[in-house]
Every structure is written in C-alpha cells, then in structure tokens.
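One is the number of the first residue; the rest follow in order along the sequence.
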Amino acid sequence: QRLGPEHPNTIDYLRHWVTVLELVGDWDRASAGRLELLPVDRKRLKPDDVRLANLLEKLGAALLKADKPVDAEPYLRECLT
C-alpha cells in the first residue's frame, strides 16, 4: 500500500526528517521540508492556534539559518499576529 502526501504516517516521517536535518544543520533542506508541511498544518490548525504560531516561527528560524531573511520575514511576522 502506498501512502499519500497527506497521510498521517507520511506527515510524521517528514516531521522527523526535518528535525534530523535541523540537528545536522542542513537548513536549506530543513526549511524546504517545513515549507512542504505548512499547508497541511494550516488545514488542521486554526489561524489563532499557538501551535501554528510555533510552526511558523520554526519555519522562519530555519529560513534565517539558511541565509534567506527575505523569505523568513513574512512567516516570522505572521507568527506574531
């Protein structure tokens, strides 16, 4: 059986993979993974959910560490609202 991109197991594996990428400092791939997860998180969480703010902050931080401050800014601003 093949799992789709929004299957809970697929999402869990991707989250774990992103964590590993962050631990080894591969910020380009980690931020790409977080960007891939963001639409899924937006579907399951309400806009004012603190967990979404936390995920946006982690995405912004990964983009900053990948030396992409212009890309990081909108996510960091959104996590504050």
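The distance from the CD atom of E36 to the CD1 atom of I11 is 10.0 Å, given to the nearest 0.5 Å. Rounding to the nearest 0.5 angstrom, the gap separating the CG atom in L37 from the CH2 atom in W17 is 13.5 Å. How far OG1 of T19 is from CG of L14: 9.5 Å, rounded to the nearest 0.5 Å.
Salt bridge R34/E22: present, at least one basic N to carboxylate O contact under 4.0 Å.
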What pairs of donor and acceptor atoms, side-chain ones from residues 48-57 against any protein atom, are under 3.5 angstrom apart with sequence neighbours left out?
from: D49; atom 1: OD1; to: R51; atom 2: N; distance (Å): 2.7
from: D49; atom 1: OD1; to: R51; atom 2: NE; distance (Å): 3.2
from: D49; atom 1: OD2; to: R51; atom 2: NE; distance (Å): 3.4
from: D49; atom 1: OD2; to: R51; atom 2: NH2; distance (Å): 2.7

Got a list of side-chain donor-acceptor pairs under 3.5 Å for residues 67-81, not counting sequence neighbours?
from: K68; atom 1: NZ; to: D28; atom 2: OD1; distance (Å): 3.4
from: E73; atom 1: OE2; to: R77; atom 2: NE; distance (Å): 2.8
from: E73; atom 1: OE2; to: R77; atom 2: NH2; distance (Å): 2.8
from: E78; atom 1: OE1; to: R42; atom 2: NH2; distance (Å): 2.9
from: E78; atom 1: OE2; to: R42; atom 2: NH1; distance (Å): 2.7
from: E78; atom 1: OE2; to: R42; atom 2: NH2; distance (Å): 3.3
from: T81; atom 1: OG1; to: E78; atom 2: O; distance (Å): 2.9

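Every pair passing salt bridge (charged side-chain N to carboxylate O under 4.0 Å, His left out) that includes a residue from residues 2-15 is listed here, sequence neighbours excluded: E6-K43, R15-D41.
Hydrophobic clustering, with ILVMFWY side chains joined whenever heavy atoms are under 4.5 angstrom apart, groups L63 together with L38. Hydrophobic clustering of Ile, Leu, Val, Met, Phe, Trp and Tyr side chains at less than 4.5 Å, counting indirect connections, keeps V18 apart from L45.
With sequence neighbours left out, T10 forms a side-chain contact (heavy atoms from CB on, under 4.5 Å) with L3, H7.
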